[in-house]
Amino acid sequence: MRRREFTVGLMGLGAAALARPALAQGGDGRAQLIEGAKREGSLSYFDTVLQPETNDELTAGFRKAYDLPSSFRVNYTLSNTGNMITRVEQELQAGRVTMDIASVASPTWVFEKVRDGHILEYDSPEYQHYGGVFTTGLGQPRFFAFNGAYLFTPMWNSEGVNFNGKSWRDVPGFIQPRRASLGDASISAAYLATFIGMRRVLGDDWFREVAAKRPNFLVRSEQIASRLVSNQDMMAIFGQPTRALQNNANGAKLKFIFPAEGNVLMPQCTFILKQAPHPNAAKLWIDYILSPEAQGILARREAMSSGRAGFDSPVPEYAPNVSNLKLIDLDWRALSTADMQKARAEWQTIFKS
């Protein structure tokens with residue numbers, strides 16, 4: 001996917017209203033959802049990115065938007081992609097779904113869940129502002145869009161490291177043996193998708209050069225950033241601007257680049273499970289998380305790039321709007337679980353041999 005393609009998808013929609021959305025506006029359907037959510041009394045959702053403090057702000061905004069009582073609970077769980085997918089699959093197989101909403105950057109898997117009938121069809125009124133997401137294959141109308149997107153990119157601590165590279169190709173020759181981290185694609189679906197996209201541009205030889213430096217394999221982006229701040233690693237090859245934003249707010253000096261070859265976009269697909277125990281609250285949450293207000297929270301706190309038409313990122317240096325990014329093409333619909341499994345085995349051949 002290229003910047004122009006995404007921008008064209010957005011231009012056809014016109015400018016989006018940037019005030020609080022029509023969340024609690026009239027209409028019997030909206031009123032019924034709100035009353036239904038009040039009766040349900042709670043909501044459960046899983047995410048692979050959002051920190052607890054971000055959830056707290058989102059929860060407060062959600063309650064206010066729909067005039068929900070303070071007793072309404074939003075039960076949030078932070079997971080990684082592999083564990084979340086496993087949890088969803090186990091609940092579906094057991095026929096005992098406990099979560100209402102899942103947000104995970106694994107579009108191939110989510111498209112398969114739609115096809116298999118496991119995702120609730122809901123035509124959110126906010127979807128009209130996400131035409132670019134749908135036309136570029138990063139979501140599916142009536143089933144899911146993404147609450148925000150992130151990416152992995154070279155990141156370092158400028159207090160101890162001076163990296164002036166502009167390309168992915170500048171990385172292997174710069175890092176010292178055992179002094180860099182790499183997101184483990186054998187565990188994480190997000191890192192695996194990044195590997196699939198990047199090898200199309202860089203080839204396997206680039207990854208073999210990285211493997212020769214014997215990187216430290218990690219999964220959680222928080223730990224990856226922490227090792228940079230403490231100077232345990234000189235570079236995070238798959239660093240995340242989200243964590244640079246959060247650590248720099250506390251005095252760190254993390255830097256990163258958007259390489260000349262581009263980045264693989266990781267859209268955090270947000271959907272309602274068909275057997276969700278709190279469907280009314282879940283539908284309202286989808287409406288809220290895609291609203292300008294919530295998109296601003298996600299960008300400001302998590303450096304998530306928005307796919308909403310007309311949205312201006314409050315932190316463009318960390319989270320450019322998706323239309324402003326140079327992206328490595330990855331056809332999520334064309335990928336299959338079998339393709340992912342094959343790529344995982346090839347990753348292990350490169351890095352585990």
Side-chain angles (χ1 to χ4, degrees), residues 10 12-47 50 54-76 97-103 110 113-114 117-134 138-148 267-299 304 306-311:
L10 297 179
L13 298 173
L18 295 181
R20 184 183 288 268
L23 299 172
Q25 287 184 1
D28 291 340
R30 178 66 55 202
Q32 289 174 4
L33 284 181
I34 293 172
E35 289 307 310
K38 289 178 179 179
R39 289 192 300 271
E40 290 165 351
S42 67
L43 169 75
S44 172
Y45 84 98
F46 281 57
D47 193 286
L50 308 186
T54 304
N55 171 67
D56 291 343
E57 186 170 350
L58 289 170
T59 297
F62 178 65
R63 289 195 188 109
K64 183 177 180 181
Y66 301 109
D67 195 27
L68 299 173
S70 59
S71 59
F72 185 95
R73 292 178 292 109
V74 175
N75 300 313
Y76 169 62
V97 173
T98 64
M99 67 177 73
D100 296 298
I101 290 176
S103 296
V110 179
K113 295 304 106 180
V114 172
H118 295 306
I119 294 182
L120 183 70
E121 182 174 353
Y122 173 56
D123 192 11
S124 169
E126 296 301 318
Y127 282 169
Q128 65 181 304
H129 304 293
Y130 287 80
V133 169
F134 300 131
L138 296 173
Q140 185 166 336
R142 303 190 313 279
F143 289 97
F144 74 95
F146 59 78
N147 64 12
Q268 192 75 345
C269 306
T270 301
F271 59 89
I272 306 171
L273 287 161
K274 194 169 187 178
Q275 300 176 47
H278 309 103
N280 295 288
K283 290 175 182 177
L284 293 179
W285 183 266
I286 292 292
D287 295 347
Y288 180 71
I289 205 70
L290 298 178
S291 73
E293 177 177 290
Q295 291 290 287
I297 294 171
L298 293 171
M304 299 285 274
S306 178
R308 184 184 174 99
F311 179 81

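Taking all atoms of both residues into account, the shortest heavy-atom contact from F72 to A37 is CE1-O, 3.3 Å. A pairwise comparison of heavy atoms in K274 and G117 identifies CD-O, 3.1 Å as the closest pair. S306 and F311 make their closest contact through CB-CD2, 3.4 Å (heavy atoms, listed as atom of the first residue, atom of the second, distance). In this structure, F146 and C269 approach most closely via the heavy-atom pair CB-N, 4.0 Å. Nearest heavy atom pair, residue Q295 against residue N147, reads NE2-O, 2.7 Å. When all heavy atoms of M99 and P277 are compared, the closest pair comes out as O-CD, 3.8 Å.
For the atom pair OG of S103 and CZ of F271, the computed distance is 7.5 Å after rounding to the nearest 0.5 Å. Between the CD1 atom of I101 and the OG1 atom of T270 there is a distance of 7.5 Å, given to the nearest 0.5 Å. A distance of 11.0 Å separates CD in Q275 from OG1 in T98, rounded to the nearest 0.5 Å. One distance of note links CD of E293 with NZ of K64; it measures 7.5 Å at 0.5 Å rounding. Distance CD1/I272 to NE2/H278: 13.0 Å, rounded to 0.5 Å. D100 CG to E40 CD: the interatomic distance, rounded to the nearest 0.5 Å, is 7.5 Å.
You'll find the side chain of R73 stays beyond 4.5 Å of the side chain of T59, heavy atoms only. Put simply, the side chain of N75 reaches to within 4.5 Å of the side chain of S42, judged on heavy atoms. Using a 4.5 Å heavy-atom cutoff, the side chains of V74 and N55 are in contact. The shortest side-chain heavy-atom distance between I286 and F144 does not fall under the 4.5 Å cut-off. Between S291 and H129 there is no side-chain heavy-atom pair separated by less than 4.5 Å. Residues Q268 and D47 form a side-chain contact, since some pair of their non-hydrogen atoms from C-beta on lies under 4.5 Å apart. Side-chain contact check for L58 versus L50: some heavy-atom pair is nearer than 4.5 Å. Between D287 and Y122 there is a side-chain heavy-atom pair separated by less than 4.5 Å.
Applying the salt bridge (Lys or Arg N to Asp or Glu O under 4.0 Å) test to K38 and every residue at least two apart in sequence or in another chain returns E35. The salt bridge (Lys or Arg N to Asp or Glu O under 4.0 Å) search around E57 returns R300, R301, not counting sequence neighbours.
Aromatic ring pairs are classed by plane angle as parallel below 30°, tilted from 30° to 60° and perpendicular above 60°; the pair W285 and Y45 is tilted.
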Could you give me the CA-CA distance, side-chain angles and deciding distance for K283 and L120, then say whether side-chain contact (heavy atoms from CB on, under 4.5 Å) is met?
CA-CA 10 Å; K283 290 175 182 177; L120 183 70; 3.8 Å; yes
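Between the side chain of Y288 and the backbone N or O of A65 there is no donor-acceptor pair closer than 3.5 Å.
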